[in-house]
Each structure stands twice: as structure tokens, then as C-alpha cells.
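Read through the structure below, which is laid out as C-alpha cells, and then see the notes.
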Amino acid sequence: MLLAEPAIRMLGGDAPSRFPVLKGSPMLRRSLLLCLSSVFLLAFAPSSAFAHHATVTATVDCGGSVAYTVTSWSTPDEDHRINNSVNVTVGGAAAGSGALTAANGYAFSGSFQLTQPLPASVTVNAAYGAFGASGEYGSAGTASTGALTVPPCPTQPTGSIADISCSSGGALATLGNTGGGTATIRITKDGAVVEDVAVGAGATETRLVPIAEDTTATITLSSGGSTLASRTLSANCNLAPAVPSATIADIDCATGGARVSLGNTGEETATFTVTAAGATVATVPVVGGATASQVVPITENATTTITVTAPGLATVTRTVMRDCVAPAAPGAVIGGISCTDGGAYVIVTNTGGEATTFTITVGGAVLDTLVVTGGAQATRLVPIAEDTTAAIVVTAPNLTTVSAQVARDCTPAAPTPTPPAAANTAAPDAALNTPMASEADSLGNAAGAVDAVGVTELTPVLDAVATAGVSDVAAGATDELPFTGTSDLRALLVGGFLALLLGVLLPVTARRAERRARTAARD
């Protein structure tokens with residue numbers, strides 16, 4: 001009340017005059033003054049102590065995973081929402097830290113994993129510092145979620161059944177529960193309940209289910225009406241000896257080797273050892289009454305001895321060869337000269353299945369080796385120099401040698417020069433009118449005959465001479481015809497005689513004819 005009255009005086013006047021209600025009973029006046037004092041204190045108290053704060057929310061699942069979110073208080077003054085120091089604890093353990101800024105929308109989240117065993121409940125606290133970018137608004141404090149209940153997880157039962165253990169006299173059943181709470185798992189044998197086992201959260205239990213020798217039983221594990229595992233097992237611990245057998249088949253080209261078939265008509269397990277060329281390929285156990293097989297890889301064109309051994313088995317052995325690919329079928333062709341490419345082409349082919357190697361030699365020296373796969377061909381140019389002949393040979397396994405002599409003559413020979421024409425040395429016309437007694441004397445009767453009959457009369461003479469020359473040639477079986485450039489003596493003599501006769505008779509005949517024409521003209 002003492003605080004209220006100064007406040008009333010600040011408004012002007014004294015309390016009774018300004019507020020008539022204060023003129024009532026003392027009790028009423030004291031109550032009213034108390035209220036006014038409280039309002040006065042609230043009005044002058046620092047407002048930031050009540051306005052600036054942070055909140056924290058969180059969830060927890062049955063596995064103990066806690067997810068939390070810290071959020072700044074809501075206000076239009078964005079700078080008042082900034083808090084650069086917030087630390088989160090879960091159940092008193094540090095869980096993370098962060099800041100409340102405009103960049104993250106004034107909120108951040110995190111998670112925390114509780115350790116086993118899980119508590120019944122957990123509390124998440126967020127301790128924050130002063131608000132404002134520099135802490136200028138004060139208001140540090142702590143926000144809390146209060147106690148959060150950790151919910152129980154549903155049970156997740158599991159189960160498995162092992163093989164018969166002869167030393168234990170039965171089969172071992174393993175029971176588990178990866179969920180929460182307690183799972184009840186029922187064990188039955190041939191439909192009869194053996195035991196109901198309670199398995200706690202995260203726990204594992206084992207139970208031995210007895211099975212008598214030489215009997216068969218079906219064991220089933222179930223929980224909540226759902227089957228977890230079921231097996232039918234036979235106890236046969238006093239086993240009869242193994243009775244192994246083995247056969248080695250032919251090459252199987254599809255699998256790339258020979259298949260070995262293994263069998264055991266006994267009860268105990270038979271262990272087979274398969275070897276190829278002395279090296280162990282595989283060790284194969286075969287239980288009683290079962291069969292197995294093993295492929296022994298063999299490379300193409302290889303021969304391998306396969307051996308199979310086992311306790312109580314007479315050694316089984318066989319030598320097999322793999323021949324799954326057709327042999328090579330080589331062929332080769334040597335082409336003629338190619339002036340454009342400067343040599344001869346060699347074409348090699350292989351129409352078989354396996355690859356083969358061709359060797360090309362020129363003049364006895366290896367030019368190239370070509371590997372040609374099945375169904376393919378290859379071409380090789382053999383260079384040959386101008387005006388030379390190359391001896392080309394192609395060889396390959398199972399190929400009859402192919403060879404050829406190839407000559408290159410791609411540049412034409414230079415033309416033979418034409419000799420110059422002989423100069424004209426004929427005598428002047430006056431000399432034609434002068435008788436040549438020496439001509440008549442040298443030719444005798446033949447010249448007179450020419451003069452008498454004219455130029456046409458030379459034909460029988462020439463025919464006679466030609467006939468004499470041909471008959472001379474025909475007389476010698478090995479003689480060649482005249483004028484062929486040979487060294488036959490008779491052909492040269494006949495040719496020379498004909499040339500001499502023509503050289504004498506033709507000028508004489510021409511002169512005689514000219515004189516007769518002139519005489520006729522004068523007459």
C-alpha cells in the first residue's frame with residue numbers, strides 16, 4: 001500500500017480525493033491498495049525476464065531413441081528471438097547443442113539413444129543463454145519436456161532348429177526375442193507340446209529336443225499362433241558304412257570338361273577326391289543315399305587322366321581328350337602383280353574352327369606371319385621392285401605349300417629411234433639418154449630381155465629367184481626363213497643376190513622405157 005500511494009500521487013492529488021472508493025471501509029481500502037501495489041510492481045519490473053524464452057519438445061520410442069526439437073519464443077522482433085547458446089540433455093546426459101537463428105528458422109532438432117536397460121521414463125531439458133545476437137536481451141533459462149514415458153516394444157520372437165546331435169541324443173532348438181516385453185515360444189514334437197519357454201526382451205534361450213535312435217520326429221517352434229521354424233529329423237547315429245561309387249563321363253563340350261558322377265548307397269558320409277593329371281581338382285563329401293557330380297575342366301586339344309578315390313572305393317581312372325573345336329582348314333592364293341599398289345597380294349583363309357598361323361616368305365626370307373582365326377581371312381601385300389621377279393611362298397600347318405614367281409614390268413620400254421632417210425644421188429636426165437654399154441654387158445641376155453619386154457617382164461625373173469631362195473631354205477630342216485635376222489648363210493646369200501639384181505635391173509629398165517618414149521615422140 002505504501003507503494004500504491006506514491007503511484008496515486010503521481011497521477012495528481014491525494015488518494016482519497018482522486019479515488020473515492022478509498023473512502024470506504026479500511027479492509028476494502030487495504031485490499032484495493034494491495035492490488036494497486038501489485039500492478040505497480042509488475043509495471044516497473046523488467047519485462048525481458050518474462051518475454052524471452054525457448055521451448056523444447058521430444059518423443060521417445062520403445063527402442064530408447066529420443067528425438068527432440070528446441071524452438072525460440074515467437075515475437076515480431078526477430079532479433080529478440082536469436083539465441084546462440086542452447087545445450088540439450090536427455091536424462092541428465094549431454095545430447096547436443098545448437099543455436100536459434102534466422103538461418104534455421106529459430107529452431108533446431110537432434111536425437112539421442114538411451115542405453116539398455118531402458119528407463120521407464122526420461123526428461124529432456126534445454127538450457128539456453130541470453131537472447132539477442134550479443135546477448136543484449138538477457139533472459140537465460142531452462143526449458144523442459146517433463147517426464148516422457150518409454151513405451152514397451154512388441155515382442156519379436158525368433159526360432160531355429162539344428163541338426164541331430166548324436167552326442168546329445170537330439171536336436172537343439174534356439175529361441176530368441178529381438179523385441180520388447182516377454183515372448184512365449186512353444187516347442188512341439190510330432191504335434192505334442194514339449195515346453196512353453198518365456199524369452200525376455202533381447203534374450204536367447206536354448207532347449208534340447210530328444211529324438212530316439214532310428215526314429216523320425218517333426219519339431220515345430222511357434223509363438224502367438226505363428227510358426228517360427230519346423231524340421232523333420234531322423235536319428236541315425238549308428239550308421240552303416242558308406243558304399244561309394246564313381247563314373248567318369250565323356251567330354252562335355254558345353255561345360256568344357258569331363259563330368260564325374262559320385263554316389264553313396266551306404267549311410268555314413270563318403271568323401272571323394274577327384275584329381276586330374278595328378279593335381280587335386282576337388283574333395284566332395286556325399287552323405288548316405290545321396291549323389292553328387294564334379295566337372296573336371298580340360299583345355300581344348302589336351303589329354304588328361306582323371307582319377308577318383310574314396311575310402312572303400314576301388315580307384316576309378318580314365319584318360320580323356322577334349323576336341324570340341326573343328327581343326328583349322330587353311331588356304332592361300334598368290335595374286336598377280338598390281339602396278340598400282342607396287343606388288344602382289346597374298347590372300348590367306350581359314351574355313352576351319354581353330355586358329356592357324358601362315359608364314360609368307362619372299363626369296364627365302366620370312367616377310368610376315370599371319371594368325372587367322374576360324375572362319376576368317378587376311379591379306380598381305382608383297383612389295384616387288386620394278387623389272388624384278390619375286391619368289392613368294394606361303395606355308396601353314398596342314399597346308400600344301402603355295403608358291404609363285406611374280407615379275408613386275410610396269411614401266412614401258414623406250415621407242416627405237418627411226419634412222420634418217422638416204423640422200424637422192426640419181427644422175428641428171430642427160431645421163432639417162434646415154435647408152436650404158438657396161439650395163440648390157442654385165443646383164444647379158446637378161447638385160448636384153450628386159451629391154452624387149454619392158455618392166456613387166458621382170459616378174460618371172462623375180463619369181464624364179466624367190467622360188468630358188470625358198471627352196472634352198474626348205475632344203476634345210478633347221479634353217480630359218482630369210483630376212484629374219486638369223487645367221488643362216490644361205491638366207492643371207494639369197495637376200496644379197498635379190499637386192500643386187502633389183503638394184504641393177506630397175507634403173508636399166510627405167511632408162512630403156514624413157515628412151516623409147518622420146519623416140520616415139522620424135523617420130
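Owing to the predicted nature of the structure, the values given are computational and were not obtained by experimental measurement. Sequence positions, counted from 1, serve as the residue numbers for this chain.
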Quiz item: Can you tell me how far OG of Ser111 sits from OH of Tyr68, rounded to the nearest 0.5 angstrom?
Solution: 7.0 Å
Self-check item: Side chains of Tyr106 and Glu78 in contact at under 4.5 Å (non-hydrogen atoms)
Solution: yes
Self-check item: Plane angle bin for His80 and His52 - parallel if under 30°, tilted between 30 and 60°, otherwise perpendicular
Solution: parallel
Exercise. Give a yes-or-no answer on whether the side chains of Tyr137 and Asp79 include a donor-acceptor pair shorter than 3.5 Å.
Key: yes
Self-check item: Criterion side-chain contact (heavy atoms from CB on, under 4.5 Å) on Leu148 and Ser121, from CA distance to verdict
Solution: CA-CA 5 Å; Leu148 301 174; Ser121 63; 5.9 Å; no
Exercise. List the steps and the verdict of side-chain contact (heavy atoms from CB on, under 4.5 Å) for Leu100 and Val70.
Key: CA-CA 8 Å; Leu100 305 173; Val70 180; 4.3 Å; yes
Exercise. State, with a plain yes or no, whether a side-chain heavy atom of Ile334 is found less than 4.5 Å away from one of Val394.
Key: yes
Quiz item: Any luck finding a side-chain donor-acceptor pair between Thr184 and Asp196 under 3.5 Å?
Solution: no
Exercise. Given side-chain contact (heavy atoms from CB on, under 4.5 Å), test Val209 with Ile187 step by step and report yes or no.
Key: CA-CA 9 Å; Val209 181; Ile187 305 173; 3.9 Å; yes
Quiz prompt | Considering all heavy atoms, the nearest Val348-Ala332 contact | solution = CG1-CB, 4.0 Å
Self-check item: Polar side chain donor-acceptor pair, Gln377 to Thr349, under 3.5 angstrom
Solution: no
Exercise. Hey, could you give me the OG1/NE2 distance between Thr71 and His53, rounded to the nearest 0.5 Å?
Key: 10.0 Å
Quiz item: Does Met321 offer a backbone N or O that forms a donor-acceptor pair with the side chain of Thr303 under 3.5 Å?
Solution: no
Exercise. Rounded to the nearest 0.5 Å, what's the gap from CG on Leu118 to SG on Cys153? Could you check?
Key: 7.5 Å
Quiz prompt | Within-4.5 Å side-chain heavy-atom neighbours: Thr280 and Thr273 | solution = yes
Practice problem: Verify, without hydrogens or angle tests, whether Asn350 (side chain) and Gly375 (backbone) share a donor-acceptor contact under 3.5 angstrom. | Solution: no
Exercise. Could you tell me whether Arg231 and Asp163 make a salt bridge, using a distance below 4.0 angstrom between a side-chain N and a carboxylate O?
Key: yes
Quiz item: In Å, rounded to the nearest 0.5 Å, how long is the span from OH of Tyr345 to OG of Ser338?
Solution: 6.0 Å
Quiz item: Would you say Ser168's side chain and Ser165's backbone share a donor-acceptor pair under 3.5 angstrom?
Solution: no
Quiz item: For Ala270 and Asn264, which heavy atoms make the closest approach, and how far apart are they?
Solution: N-ND2, 3.4 Å
Quiz item: What pair of heavy atoms forms the shortest contact from Gly335 to Val406, and how long is it?
Solution: O-CG2, 4.0 Å
Self-check item: Short N-O contact, Arg322 and Asp250, less than 4.0 angstrom
Solution: no
Self-check item: Worked verdict on Val333 versus Val346 for side-chain contact (heavy atoms from CB on, under 4.5 Å)
Solution: CA-CA 6 Å; Val333 175; Val346 175; over 6 Å; no
Quiz item: Is the side chain of Asn84 donor-acceptor paired with the backbone N or O of Ala99 at a distance under 3.5 Å, no angle test?
Solution: no
Quiz item: Counting N and O atoms only, with roles assigned by atom type, does the side chain of Glu267 sit under 3.5 Å from a partner on the main chain of Ala242, one being a donor and the other an acceptor?
Solution: no
Quiz item: Is there a donor-acceptor pair closer than 3.5 Å between any side-chain N or O of Thr304 and the backbone N or O of Ile298?
Solution: no
Quiz item: Of the non-hydrogen atoms in Pro157 and Leu228, which two are nearest, and what is the gap between them?
Solution: O-CD2, 3.7 Å
Practice problem: Return yes if some donor-acceptor pair links the side-chain N/O of Asp368 with the main-chain N/O of Ile360 below 3.5 Å, else return no. | Solution: no
Quiz item: Are the side chains of Val150 and Leu114 in touch, meaning some heavy atoms are under 4.5 Å apart?
Solution: yes
Quiz item: Under 3.5 Å, is there a donor-acceptor pair between the side chain of Glu213 and the main chain of Asn238?
Solution: yes
Quiz item: Do the side chain of Asp341 and the main chain of Gly343 share a donor and acceptor less than 3.5 angstrom apart?
Solution: no
Exercise. Applying ring-ring contact (aromatic ring centres under 6.0 Å, His included), name anything that partners Phe358, two or more places apart in sequence or on another chain.
Key: none
Quiz item: Nearest heavy-atom pair of Val260 and Val296: which atoms, and what distance?
Solution: CG2-CG2, 3.9 Å
Quiz item: Between Thr305 and Thr319, is any side-chain donor less than 3.5 angstrom from a side-chain acceptor?
Solution: yes
Self-check item: Asn177 side chain near Thr182 side chain, heavy-atom distance below 4.5 Å
Solution: no
Practice problem: For residues Thr269 and Pro285, report the shortest heavy-atom separation together with the two atoms involved. | Solution: CG2-CB, 4.1 Å
Exercise. Measure the spacing between CD1 of Ile219 and OG1 of Thr232 and express it to the nearest 0.5 Å.
Key: 9.0 Å
Quiz item: Do Asn236 side-chain atoms and Leu239 backbone N/O form a donor-acceptor pair below 3.5 Å?
Solution: no
Self-check item: Student check: side-chain heavy atoms of Val66 and Thr59 closer than 4.5 Å
Solution: no
Self-check item: Val402 and Val393, any side-chain heavy atoms less than 4.5 Å apart
Solution: no
Quiz prompt | Side-chain donor-acceptor pair present, Arg186, Ser222, cut-off under 3.5 Å | solution = no
Quiz item: Within a strict 4.5 Å, meaning less than it, do heavy atoms of the Asn301 and Asp323 side chains meet?
Solution: yes
Quiz item: Looking at OG1 of Thr379 and CD1 of Ile347, how far apart are the two atoms once the value is rounded to the nearest 0.5 Å?
Solution: 4.5 Å
Quiz prompt | Counterpart residues, salt bridge (charged side-chain N to carboxylate O under 4.0 Å, His left out), relative to Asp77 (two or more places apart) | solution = none
